[in-house]
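Only one structure is covered here, and it is reproduced in the block below.
What's counted below: heavy atoms across the whole structure, side chains too, no hydrogens, waters or symmetry copies. Letters A, B, ... mirror the listed sequences (proteins, then strands); counts begin at 1. Please read these numbers as outputs of a predicted model, since none were measured by experiment.
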There are 2 protein chains.
Amino acid sequence: MMRSLWQLRNWRECPVRKLAWVAVVTRLEMFLDALEESQTPDDVQSLVVALRDSYGISNAVYHAVNVGPIPYAALTYTPEWMQYYHDQKFVQVDPVVKGALQKFHPMDWKQLDWSGRGSREFLGEAIAAGVCNQGLSVPIRGPNGQFALFTINDNCSDASWEMFSKEFKRDMMLISHYIHRRVVDIIVPEQDVNRRDLSPRETDSLKYLALGFSRGQISEKLKISEHTLRVYIDSARGKLGALNTIHAVTTAFSRGLISF
Amino acid sequence: MMRSLWQLRNWRECPVRKLAWVAVVTRLEMFLDALEESQTPDDVQSLVVALRDSYGISNAVYHAVNVGPIPYAALTYTPEWMQYYHDQKFVQVDPVVKGALQKFHPMDWKQLDWSGRGSREFLGEAIAAGVCNQGLSVPIRGPNGQFALFTINDNCSDASWEMFSKEFKRDMMLISHYIHRRVVDIIVPEQDVNRRDLSPRETDSLKYLALGFSRGQISEKLKISEHTLRVYIDSARGKLGALNTIHAVTTAFSRGLISF
DNA sequence: ACCTCCCTCGCAGTTTCTGGGGAATACCGC
DNA sequence: GCGGTATTCCCCAGAAACTGCGAGGGAGGT
């Protein structure tokens, strides 16, 4: 029954059926509200499963690629495939991850390049493991370089999938946002106390370092001596708790303290 | 008339008024569709103005903090304030920008810290320039370190604003996404041809560099000689068109080729 | 008034990075 | 098979960055 819900897409045209459309809107709100109230990883996992069932698709996957120290996922794939994916370090080969890292908008799997070195064999193994042919993946980016993916996945024709994804893409965008928000609250342990701001000069110094300039060039740009510049870099490194200059720059970058 | 639309928030409870709620949903879809069809910066600007009027608020602002080489904004503030903001480099002081850089979820301005060094005087000047007391800002992150902000802004009581933002926060999340998507298509000139992938070893090398390890430590971790490691770093630098190691790491990071 | 932080400048010694060479094995696609 | 690329190893010399020691003036907050 639920499965047929998405076939409503043209119902809105008919005034009599608008109430059914309202029901669809309410379903989205129900999920978002439920996500806001979830407290544990199990809650999130249950909601992902419920989501799959409610939208009548084969799989729904939230994959925290780079969120906190330990990897996390809430998904409807088999645990065996999850383990295998992790053991084989497929995250480095997976065209979905590689593609999403460079996209902003949700992307259909058909847009992806599956011709890479390890991609084809990965595809074969994935399909054997129950991953379906149609997919839509939503990239999610947060502060501190957080990156996650929300994917829905089904076995159906191109035409059906296009209708489905056109209809529910925006739902998925909101759902992926709320899942990520909740997951971060749950799994990212504590905010570092070292949240001291950088001074403007320190920010400038790190910014130019990130742009590839040498210390000599930067000191000219900022019209200060190279020694002074070094003091800024050192103090920034201290504030950020960084081990060396590269670490300081990447840390500042990921924390949003500098931008290109 | 439009202004009263958002007072519909409780109408959904009444079945008779559900059709009005449908109208609200349709308004959102209308804006998203219009954004997808917009072609020029002027189109986007017009839509931001239309959005302000349709939602009955005082200001709507899309601010591309770090998208492409030249700054861009589509907003309803006065050109004088825009220019002054730019000339004074307020982007480095603005608590809205600083706060949003560390947030994932849309944030109310009341959550912000206005006690910083230059923040208070900035606040004074902003209010004098017509920026209102209530605000909601949506952080937007894209690939390549893109960062932008979408803000709505009004003069009203805390209670009214809370009702409004609760009701339309999700609308604004979608709208901000679609504005950014369109702006990137319009203002970001061409995708660099230098899109060659890094090899796994190169990725590993840069990743550990970003984490603050020295070459000696990394070569131990990867169980290769330091000379070999250096070859990876050099080739990665070449592929990325980077000027030095720091540049290579930050470039790879911002392009999503490596992650922590 | 005192304390903290920001900005500016200096020296010396050690470590690390950069740039220029060269070379072998192996895999993949055309 | 051949060209391209990935992976691994090696040498050397100069340039650059890191570490640890100081020093003084100014602006802001308690």
Rounded to the nearest angstrom, tell me the gap between atom CG in B/Leu222 and atom C1' in D/dC9. 15 Å
Reckon A/Ser225 has a side-chain N or O less than 4.0 Å from the OP1 or OP2 of C/dT8? no
What does the list of N/O pairs under 3.5 Å between the protein and nucleotides 11-15 of chain D look like, with a distance for each?
unit_1, atom_1, unit_2, atom_2, d
D/dC11, N4, B/Arg230, NH2, 3.3

Any donor and acceptor pair, going by atom type alone, linking the side chain of A/Asn66 with main-chain N or O of A/Phe147 inside 3.5 Å? no
If the cut-off is 4.0 Å, is A/Tyr232 near the phosphate of C/dC6, judged by side-chain N/O to OP1 or OP2? no
Select one nucleotide: of C/dC7, C/dC17, D/dA17, the one nearest the side-chain heavy atoms of A/Pro200. C/dC7
Answer yes or no: does a side-chain N or O of A/Ser214 lie under 4.0 Å from OP1 or OP2 of D/dA16? no
Just checking A/Ser235: base, sugar-phosphate only, or nothing, at a heavy-atom cut-off of under 4.0 Å? nothing
Rounded distance (Å) that lies between atom P of C/dC17 and atom NE2 of A/His247: 15 Å
Counting only side-chain heavy atoms from C-beta out, which of D/dT7, C/dT8, D/dC18 sits nearest to A/Arg201? C/dT8
Could you check A/Glu202 against A/Ser205 for side-chain hydrogen bond (donor to acceptor under 3.5 Å, both in side chains), going step by step and ending with a plain yes or no? CA-CA 5 Å; A/Glu202 288 161 352; A/Ser205 306; over 6 Å; no
OP1 or OP2 of D/dC9 under 4.0 Å from side-chain N/O of B/Lys223: no
In this structure, are over 12 heavy atoms from other groups packed under 6.0 Å from A/Glu226 atom CD? yes
Are the side chain of B/Arg141 and the backbone N or O of B/Leu101 linked by a donor-acceptor pair below 3.5 Å? yes
Has A/Arg215 got a side-chain N or O lying under 4.0 Å from the OP1 or OP2 atom of D/dA17? yes
Atom OH of B/Tyr208: over 12 foreign heavy atoms under 6.0 Å: no
Whole-Å distance, B/Glu202 CD to D/dT8 P, equals 11 Å
Separation of atom CD1 in A/Ile246 from atom P in D/dA17, rounded to whole Å: 11 Å
Protein-nucleotide distance (A/Asp234, atom CG; D/dC18, atom P), rounded to Å: 8 Å
Under 4.0 Å between a side-chain N or O of A/Ser199 and OP1 or OP2 of C/dC7? yes
Assign each of A/Leu209 and A/Val231 to its nearest nucleotide of DNA chain D by heavy atoms, then name whichever residue's nucleotide is nearer the 5' end. A/Leu209
Between B/Gln134 and B/Asp108, does the side-chain hydrogen bond (donor to acceptor under 3.5 Å, both in side chains) criterion hold? Intermediate values first, please. CA-CA 8 Å; B/Gln134 305 287 353; B/Asp108 196 280; over 6 Å; no
Can you list every salt bridge (Lys or Arg N to Asp or Glu O under 4.0 Å) pair that touches residues 93-103 of chain A, not counting sequence neighbours? A/Lys98-B/Asp197
Rounding to a whole Å, what distance do you find between B/Ile224:CD1 and D/dC9:P? 7 Å
Take A/Glu226 and B/Arg237, find for each the nucleotide of DNA chain C with the closest heavy atom, and name the residue whose nucleotide sits nearer the 5' end. A/Glu226
Looking at A/Gln217 and A/Ser214, would you say the former's side chain and the latter's main chain have a donor-acceptor pair under 3.5 Å? yes
Tell me: CG of B/Asp204 to P of D/dT7, nearest whole Å? 9 Å
Take atom CG of A/Leu229 and atom P of D/dA17, then tell me their distance rounded to the nearest Å. 9 Å
Nearest-neighbour nucleotide for the B/Asn244 side chain, C/dC7, C/dT18, D/dA17 considered: C/dT18
